[in-house]
S.K.: 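Starting off with a structure, shown below.
We name chains A, B, ... by the order of the sequence lines, and we start the count at 1 in each one.
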Protein chains: 2
Amino acid sequence: MYYLSLYYVCRKDVMATIYDLAKALGVSQTTVANALKGKSNVSVETRRRVLEYAQKVGYRPNVLARALTQRRTLTLAFMLPTIANPFYPEIAEEIECIARKHNYQVVFCNTHNDGELGRQYLDRLVSRWVDGVIVMGLSMNLADLEAQFQQSLPIVLCDWQENEQSAIIPQVSVDFKLAGQLAARHLLTLGHRRMAIIVDLPLQTLRFEGFRLTLEEAGLQLAPEMIQQGNSELASGYSAAQRLFALEHPPTAIFAANDWMAIGAMEAAYDMGLQVPRDVSIIGLDDIVVSAHMRPPLTTIAISKQQLAKAATELLLKQLNKIEDIASSVLVPPTLLPRPSTTVPPVDGEKQNA
Amino acid sequence: MYYLSLYYVCRKDVMATIYDLAKALGVSQTTVANALKGKSNVSVETRRRVLEYAQKVGYRPNVLARALTQRRTLTLAFMLPTIANPFYPEIAEEIECIARKHNYQVVFCNTHNDGELGRQYLDRLVSRWVDGVIVMGLSMNLADLEAQFQQSLPIVLCDWQENEQSAIIPQVSVDFKLAGQLAARHLLTLGHRRMAIIVDLPLQTLRFEGFRLTLEEAGLQLAPEMIQQGNSELASGYSAAQRLFALEHPPTAIFAANDWMAIGAMEAAYDMGLQVPRDVSIIGLDDIVVSAHMRPPLTTIAISKQQLAKAATELLLKQLNKIEDIASSVLVPPTLLPRPSTTVPPVDGEKQNA
DNA sequence: TTGAAAGCGCTAACAT
DNA sequence: ATGTTAGCGCTTTCAA
C-alpha cells in the first residue's frame, strides 16, 4: 500500500543549503562555498569540517541557483522529428553520452516535422536557458533557428535536409552526394545496367544527383520510369517497388534512398514472388540496426551515427566554450556496406534488354 | 564562413527582465508580473501597455528564476537502460508528448544497466531539482531509488524487472505472466505439443512461469532441454535456437521471451535450412516495430508502448500534483498479435514424437 | 584565511 | 489598482 500523505515532506525540508552548513559550522557562506569547490584559500581544518559535515547531511548544491547566477544551465536540447524513427536512437544515445561526460544533461524534443510546434519548443528552450541546441532532420523552420542563433543561442544543425543550407549556423552533414555515388558504383561494379531509384525528392536531392551522375558517367541514362518518388516511409518504398516491378522492363537493381524504403521494396519483391537478390538487387542508405537482420541482410550505404553525433556535440560544445577557431561545418563520409541483398544481375534474357 | 566573435553578444544583453519592463513603463515589477500572468488586479490600460511592450522587446520569462522560487522546474527525467534498444523509442516519444502537453520537458538518461552510473544520474537529477522521474527496465538499484523516493522525490517504476517489486514506489507493469500464458495458448491452439522457450532467467521469470504453467495445465511438461537461456540480445536467441535445432527431437514451436531473441531464432532457423513457419513456428514478445517487417512477419505478444508510457507519465503527474487517491500500481495487459511466423506443426512423423 | 553584501530574475506576502 | 519588500540558494566582488 502506498500512502503519500503519511510521510510526505517537502524536499525543501530535507535539502541542506550552503547557508545551513555555514550556520551549523559557525563559518560564513563564502567559506563553505570555497571549501566545497576546493579553492585554496581555506584552511585545511576548516575544509575538513565542511566536507565532513556536508557529507553527513547529504548536501547537494542547488544547480538552479547556480545556473541563475552563472547564466548557464548545463543543459542541451536535442530537437529531432521523432525518436521513433529508427535512425535517431543511436544518435540520441551517443549525444547523451558525450554530453554527460561534459556534465551536460540533454532534453529531447520531438517536433514531428511541425514548424509551429518547433517554434514553440524553441521558445521554451530559450525561456529555460538551455545552453545550446542540436537540431536534426527537418524538424524546424530554418528562419526561426537563425533568428535565435543571432540572438546568440548556440546551435548546430546535424544531418539537416540536404536541399537547404544555413549561411550562418554551423552544420554537420553527411556527404550524401558521395552516398549516391557509392550506391551507383557498387551496382555498376556488380554489372547492373538497368537500375532504378526510389527517392524522396526534393529532400533527398543530393543522393539522387550523386546516383544519377555516376550512372551518366558510365554512359547510362536514368529513365523517368526508373525514378520513383517515395516519402521516406516503408510503405512508400513498398508501393514504389511495386510500380517498378510492374514495368515491362523492370530494373535488375534498386537503390532506395533510405533503408526503411529499401525494406519496403524487399517486401514488395517477396509479395510479387521475386527473390532478392537473385531476381533483383536492393541497396539502401542509412544502415539502421535492423537492416543487418533482414532476409537477406540489406546492402546499404552506411552512415556512422556515432560520427554524426560526436561531431555535432563537439561542435556545439566548442561554441559554448567560445572557442574561436570553429570549423564552420563538418562533412561525414558514408561507406559502402555490402551484404547479401545485392549481387550480379540475373542472366535470363528477359531482364537484359536495357 | 562563420565568425562567432563578430556578432557575439551575451544573451544577457538581449533578454529583457520584468524589472526592465517595469522601469521602461514606469510601473512596478509586481504590476508587470500580474499583467503578464493575466491576474485580474490590473487596469485594462496598464495590461495593454505591458503586453504590448513585452511583445515588442520579445520578453521571455526566465524559467530558472521562477523555478528557484516555486521550487519546481517543470522537468521530468526518463531513466532507461539505453534508447538504442528498439523497445524504448516509442515509449520515449509518448512520454515526451504527454509531458509537453503538461508543460514539462524531459531529460533522458541512458544508464546502460550500470548501477553506479544510475546512482550518479540520480544524484544529479536531485541536484537539478527535476520534479519527478520515470525509471524503466533494470536501469538502477532499487535501493537507491527507494532512498530518494523517501526523500520525497516523486518516482514511477515502469516495466521494472519482473522478478523484483518495490513496496513503496508506484509501479506500472506489464502482466508478463499473462503474456506467457497467451503465448502458450496460441501454440497449443495451433496444435503444438513439443514446444521450447528461450528466456533470460531470472529476469523474465513471470513470462516463463506463465508459459510453463499453461503447458502443464494442458498436460505437457517443459523438458529441461526445451528451456534455453538467453540474455535478451538477438545473438543469444540465435545460439539458443541453434541448440534447440540440434536436439534429437527439436521443438515444433519456439517461444522467445522477447522479439529481439525471436528474430535471432528466425535467423538461426534460416541458416540451418529450416523454413519458418513450415518447419518451426516462432513467437516473440514485445512487438517492436521491425517485427512486422520480418520475413515472415513475427507473431508476437504485443505490449502497448503507448499504454505503458501513458500510465507511467500520468501516475507521475498525479504524484507531482499530490493527488491523494493514487492507484499505487497499474497492470498493463499484453495481447496476442498473430502473424505468419506461427502455424500448425509439421505433419512429418520425425517431429511428432513428443 | 575568512566574512559581508549585493545580485541573478522571479514570486508572494503585505502594504498603500 | 499598484507598490514595497523579502526571499529562493548560489556566486562574486570587495573588505577585513
S.K.: Would you kindly check whether a donor in the side chain of Thr30(A) faces an acceptor in the base of dA4(C), or vice versa, at under 3.5 angstrom?
M.R.: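 Donor-acceptor pair under 3.5 Å: yes.
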
S.K.: Take atom CD1 of Ile18(A) and atom C1' of dG7(C), then tell me their distance rounded to the nearest Å.
M.R.: 15 Å

S.K.: Quick one, Leu122(A) with Met79(A), criterion side-chain contact (heavy atoms from CB on, under 4.5 Å). Give me CA distance, side-chain angles, the key distance, then yes/no.
M.R.: CA-CA 9 Å; Leu122(A) 205 54; Met79(A) 306 185 75; 4.0 Å; yes

S.K.: Select base, sugar-phosphate, or nothing to describe what Ser40(B) touches, counting heavy atoms under 4.0 Å on all strands.
M.R.: sugar-phosphate

S.K.: Taking the side chain from Asn62(B) and the backbone from Leu64(B), do they hold a donor-acceptor pair closer than 3.5 Å?
M.R.: yes

S.K.: Answer with base, sugar-phosphate or nothing: what part of the nucleic acid does Val27(A) contact at a heavy-atom distance below 4.0 Å?
M.R.: sugar-phosphate

S.K.: Taking the side chain from Arg128(B) and the backbone from Leu74(A), do they hold a donor-acceptor pair closer than 3.5 Å?
M.R.: yes

S.K.: Counting only side-chain heavy atoms from C-beta out, which of dT11(C), dT12(D), dT2(D) sits nearest to Gln70(B)?
M.R.: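 Selected nucleotide: dT11(C).
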
S.K.: Can you see if the side chain of Lys37(B) gets near the phosphate of dC10(C) - specifically, an N or O under 4.0 Å from OP1 or OP2?
M.R.: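 Answer no for this pair, as no side-chain N or O of Lys37(B) is under 4.0 Å from OP1 or OP2.
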
S.K.: Look at Arg119(A) together with Asp144(A) and state whether they make a salt bridge at an N to O cut-off of under 4.0 Å.
M.R.: yes

S.K.: Under 3.5 Å, is there a donor on one side chain and an acceptor on the other for Ser166(A) and Glu146(A)?
M.R.: yes

S.K.: I need the CG-C1' distance between Leu36(B) and dG9(C), as an integer number of Å.
M.R.: 13 Å

S.K.: Rounded to whole angstroms, how far apart are CG on Leu64(B) and P on dT11(D)?
M.R.: 14 Å

S.K.: Which nucleotide in the list dC10(C), dT11(D), dG9(D) gets nearest to the side chain of Ala65(A)?
M.R.: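 Nearest nucleotide to the side chain: dG9(D).
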
S.K.: Go nucleotide by nucleotide along DNA chain D from the 5' end; which of Pro61(A) and Asn34(B) gets its closest nucleotide reached first?
M.R.: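 Whichever sits nearer the 5' end wins; that is Asn34(B).
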
S.K.: Verify the contact: side-chain N or O of Tyr19(A) to OP1 or OP2 of dG3(C), cut-off strictly under 4.0 Å; return yes or no.
M.R.: no

S.K.: Does Arg60(B) make a side-chain N or O approach to OP1 or OP2 of dG9(C) shorter than 4.0 Å?
M.R.: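 No, Arg60(B) has no side-chain N/O under 4.0 Å of OP1/OP2 on dG9(C).
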
S.K.: Rounded to the nearest angstrom, tell me the gap between atom NZ in Lys23(B) and atom P in dG9(C).
M.R.: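 To the nearest whole Å, that distance equals 11 Å.
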
S.K.: Within this structure, what is the CG-to-C1' distance between Leu21(B) and dC10(C), rounded to whole angstrom?
M.R.: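 Value for this atom pair: 12 Å.
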
S.K.: Using whole Å, what does the distance between atom P of nucleotide dC8(C) and atom CZ of Arg72(A) come to?
M.R.: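 Taking CZ of Arg72(A) and P of dC8(C), I get 19 Å after rounding.
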
S.K.: Whole-Å distance between dC8(C) P and Gln29(B) CD?
M.R.: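 Interatomic distance, CD of Gln29(B) to P of dC8(C): 10 Å.
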
S.K.: OP1, OP2 of dG3(D) versus side-chain N and O of Ser28(B): anything below 4.0 Å?
M.R.: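 For dG3(D), OP1/OP2 do have a side-chain N/O of Ser28(B) under 4.0 Å.
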
S.K.: Considering only heavy atoms and no angle criterion, is a donor-acceptor pair shorter than 3.5 Å present between the side chain of Ser43(B) and the base of dT2(D)?
M.R.: no

S.K.: Using a cut-off of strictly less than 4.0 Å, decide whether Arg71(B) has a side-chain nitrogen or oxygen near OP1 or OP2 of dG9(D).
M.R.: yes

S.K.: At 4.0 Å (heavy atoms only), tell me whether Asn62(A) reaches a base, stays on the sugar-phosphate, or touches nothing.
M.R.: sugar-phosphate

S.K.: Write down the distance between CG (Leu25(A)) and C1' (dT2(C)), rounded to a whole number of angstrom.
M.R.: 14 Å

S.K.: Indicate whether OP1 or OP2 belonging to dT2(D) is found under 4.0 Å from a side-chain N or O atom of Thr46(B).
M.R.: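 Yes, Thr46(B) has a side-chain N/O under 4.0 Å of OP1/OP2 on dT2(D).
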
S.K.: Between the side chains of Glu52(B) and Arg49(B), is the shortest nitrogen-to-carboxylate-oxygen separation below 4.0 Å, so that they form an ion pair?
M.R.: no

S.K.: If you find the nucleotide of DNA chain C closest to Leu68(B) and the one closest to Thr31(A), which residue's nucleotide is nearer the 5' end?
M.R.: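 Residue closer to the 5' terminus by nearest nucleotide: Thr31(A).
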
